[in-house]
There are 2 protein chains.
Amino acid sequence: MTDVKSPVSPQASSLLYLREDELRRGIEFLFFGYRDFLSEADGELAAIGLGRAHHRALHFVGRNPDLPVSELLAILKITKQSLGRVLKDLLARRLIEQKPGRRDRRQRLLSLTPEGQALHARLLTLQRTRMARAFREAGPDAVLGFRKVLSGLISDDERPKVLAMIGGGA
Amino acid sequence: MTDVKSPVSPQASSLLYLREDELRRGIEFLFFGYRDFLSEADGELAAIGLGRAHHRALHFVGRNPDLPVSELLAILKITKQSLGRVLKDLLARRLIEQKPGRRDRRQRLLSLTPEGQALHARLLTLQRTRMARAFREAGPDAVLGFRKVLSGLISDDERPKVLAMIGGGA
DNA sequence: TAAATATGTCAACATGACTGACGTAAAATC
DNA sequence: GATTTTACGTCAGTCATGTTGACATATTTA
């Protein structure tokens with residue numbers, strides 16, 4: 001019991017940002033930021049009878065034309081049964097289309113129809129608008145930090161794949 | 001078709017970080033970071049037969065002893081029926097306890113039992129550990145940016161309440 | 001006393017995840 | 001060429017978590 005009054009938990013002041021309280025705040029910011037960020041697109045989706053699961057599939061297919069089902073499964077980390085239902089809906093509404101792979105004809109390569117692209121673009125614009133405002137208010141350095149921390153939150157064994165797909169550094 | 005090769009979408013290079021592509025990357029980082037951040041605690045929870053919904057309630061009650069149900073509802077933004085089921089489970093397992101409010105006896109103030117505190121602490125430590133690693137690798141400036149951007153993603157009308165609860169600036 | 005508030009509860013339903021089992025076509029391997 | 005593996009689909013059942021709508025009860029406020 002040396003330091004009588006030390007509000008700092010770990011050790012030096014250079015590590016203030018690693019105090020328990022700061023970590024808890026980070027956790028909670030992530031919760032609330034994520035919650036509200038998604039709520040907007042959710043509204044649009046609900047209006048046309050789709051859910052988040054459809055949105056996620058639509059997004060990654062849109063971003064990655066001719067994506068095999070297996071890769072989409074790896075990105076979303078859900079079971080094929082869960083994805084199956086979602087894809088069935090999207091195919092029935094002609095938002096997504098399939099074609100067999102050229103090299104491997106067992107594969108069903110997924111891509112968006114023009115209507116799918118339109119919806120994808122609409123949702124992406126919504127989300128980009130919100131993200132753009134947050135980025136603008138926070139500034140370029142903050143944006144870098146935002147990505148750095150989130151990148152660190154990704155599982156070690158997933159990070160290479162994810163970074164390769166997302167593109168760019170950090 | 002003037003600028004033949006302009007990789008920049010909006011206008012100046014000072015706004016590079018607001019290009020569509022950078023915004024998309026931010027969106028995707030948020031998706032993957034959130035996905036993997038939660039997966040760890042999910043495992044612990046599944047092992048004892050609880051889910052994310054229980055975790056969220058446990059967390060905010062733990063952080064905010066004597067929390068009225070109405071406030072928990074406002075934090076989680078779910079219906080009282082959904083919360084009711086979760087609280088019923090937590091009460092049955094004696095992880096949470098209720099007591100009537102002193103000033104307003106209609107209220108049921110929620111707090112954690114010792115067992116609830118133990119579980120809360122265990123889960124929080126798990127999450128803090130992961131967050132701490134990401135923070136440490138990213139550095140203090142990045143942490144600030146992380147919080148700034150997430151704060152900007154929170155709905156305008158929610159931000160004051162949330163910031164008041166989370167504490168600290170930005 | 002009447003109205004509003006805080007909370008709980010019953011019932012029905014939707015979404016999106018899961019497990020487990022089985023089927024088929026194409027590719028890869030022995 | 002026969003066998004095994006792979007990519008994908010599908011049927012069936014279950015679970016967790018959200019929803020709406022209606023109604024009940026106790027307590028506070030007007």
Side-chain angles (χ1 to χ4, degrees), chain A residues 31 34-35 38-39 41-61 66-93 96-111, chain B residues 31 34-35 38-39 41-61 66-93 96-111:
Chain A
F31 169 73
Y34 193 81
R35 183 195 70 175
L38 290 189
S39 65
D42 280 351
E44 277 278 306
L45 288 161
I48 55 176
L50 296 177
R52 283 188 189 182
H54 301 95
H55 186 190
R56 290 195 284 261
L58 196 76
H59 176 82
F60 288 108
V61 170
D66 289 341
L67 188 69
V69 171
S70 57
E71 281 198 32
L72 184 52
L73 283 173
I75 291 171
L76 299 176
K77 289 226 199 141
I78 58 176
T79 58
K80 64 177 173 179
Q81 293 89 333
S82 296
L83 180 58
R85 221 174 4 199
V86 169
L87 287 183
K88 208 168 103 180
D89 292 347
L90 293 172
L91 288 165
R93 288 174 181 241
I96 276 191
E97 59 190 1
Q98 295 177 328
K99 69 177 180 192
R102 293 158 325 219
R103 288 199 319 255
D104 186 338
R105 288 185 336 219
R106 289 172 305 179
Q107 293 184 328
R108 315 253 175 125
L109 306 183
L110 305 169
S111 49
Chain B
F31 169 73
Y34 192 81
R35 182 195 71 175
L38 290 189
S39 66
D42 280 352
E44 278 277 306
L45 288 161
I48 55 176
L50 296 177
R52 283 187 190 182
H54 301 95
H55 186 190
R56 290 194 284 260
L58 197 76
H59 176 82
F60 288 108
V61 170
D66 289 340
L67 188 69
V69 172
S70 57
E71 282 198 30
L72 185 51
L73 283 172
I75 291 170
L76 299 176
K77 289 225 199 143
I78 57 176
T79 58
K80 64 177 174 178
Q81 293 90 332
S82 295
L83 180 58
R85 221 174 4 202
V86 168
L87 287 182
K88 207 168 103 178
D89 292 346
L90 293 172
L91 287 165
R93 287 175 182 241
I96 276 191
E97 58 188 5
Q98 295 177 328
K99 68 177 182 196
R102 292 158 326 216
R103 289 197 319 254
D104 186 338
R105 287 185 337 218
R106 289 172 305 181
Q107 293 185 327
R108 314 254 174 125
L109 307 182
L110 305 169
S111 49

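Note that these values count all heavy atoms, side chains included, but never hydrogens, waters or copies made by symmetry. In what follows, chains carry the letters A, B, and so on, assigned in the order in which the sequence lines appear, proteins first and then strands, with residues in each chain numbered from 1.
Rounded to whole Å, atom C1' of C/dG8 lies 16 Å from atom CG of B/Leu109. Going from atom NE2 of B/His55 over to atom C1' of D/dA16 covers 16 Å, rounded to whole Å. Going from atom CG of A/Leu50 over to atom P of C/dA14 covers 16 Å, rounded to whole Å. If you measure from atom CG of B/Leu91 to atom C1' of C/dT7, you get 13 Å, rounded to the nearest angstrom. Separating the CG atom of A/Asp42 from the P atom of D/dT19 is a distance of 11 Å, rounded to the nearest angstrom. In this structure, CD of A/Gln98 is placed 10 Å from C1' of D/dG9, rounded to the nearest angstrom. At whole-Å resolution of the value, CD1 in B/Ile96 and C1' in C/dG8 are 16 Å apart. In this structure, the CD1 atom of A/Ile48 is 18 Å from the P atom of C/dA14, given to the nearest Å.
For DNA chain C, the neighbouring residues in residues 68-78 of chain B, judged by any heavy atom under 4.0 Å, are B/Pro68, B/Val69, B/Ser70. Heavy-atom distances under 4.0 Å link DNA chain C to A/Ser82, A/Arg85 of residues 82-90 of chain A, given in residue order.
Applying the side chain to side chain donor-acceptor pair (under 3.5 Å) criterion to A/His54, with sequence neighbours excluded, gives A/Asp89. Every residue was checked against the side chain to side chain donor-acceptor pair (under 3.5 Å) condition with B/Ser39, not counting sequence neighbours, and none meets it. B/Arg93 meets the salt bridge (Lys or Arg N to Asp or Glu O under 4.0 Å) test with no other residue; sequence neighbours excluded.
For the pair A/Leu73/A/Thr79, no side-chain contact is recorded, criterion being any heavy-atom separation below 4.5 Å from C-beta on. A/Leu72 places a side-chain heavy atom less than 4.5 Å from the side chain of A/Leu83. Contact check for B/Arg56 versus A/Phe31: side-chain heavy atoms found under the 4.5 Å cut-off. In this structure, A/Asp42 and A/Arg52 have side chains that are in contact, with non-hydrogen atoms separated by less than 4.5 Å. Contact check for A/Gln107 versus A/Pro100: no side-chain heavy atoms found under the 4.5 Å cut-off.
Of the candidates B/Arg102, B/Arg103, B/Lys99, B/Asp66 forms a salt bridge (charged side-chain N to carboxylate O under 4.0 Å, His left out) with just one, namely B/Lys99. Residue A/Val61 forms a side chain to side chain contact (heavy atoms under 4.5 Å, CB included) with just one option from A/Val69, A/Leu90, A/Ile75, A/Ile96, and that option is A/Ile96.
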Requested in this report: List the steps, then state whether side-chain contact (heavy atoms from CB on, under 4.5 Å) holds for B/Leu58 with B/Leu50.
Outcome: CA-CA 11 Å; B/Leu58 197 76; B/Leu50 296 177; over 6 Å; no

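The side chain of B/Arg35 contributes no N or O atom lying less than 4.0 Å from OP1 or OP2 of C/dA17. At D/dT17, one or more side-chain N or O atoms of B/His54 fall inside 4.0 Å of OP1 or OP2 (strictly under the cut-off). OP1 or OP2 of C/dA17 has not a single side-chain nitrogen or oxygen of A/Thr79 nearer than 4.0 Å.
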Report summary line: Readout for nucleotides 23-30 of chain C: B = base within 4.0 Å of protein heavy atom, S = sugar-phosphate only, - = neither; 5' to 3' it is ---BS---

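Closest to the B/Gln81 side chain, of the nucleotides D/dA12, D/dT20, D/dG9, is D/dT20.
Considering every non-hydrogen atom in both A/Gly51 and A/Leu45, the closest pair reads O-CD1, 3.8 Å.
Along DNA chain C, the nucleotide nearest to B/Leu110 and the one nearest to A/Gly49 differ in position, and the one closer to the 5' end is contacted by B/Leu110.
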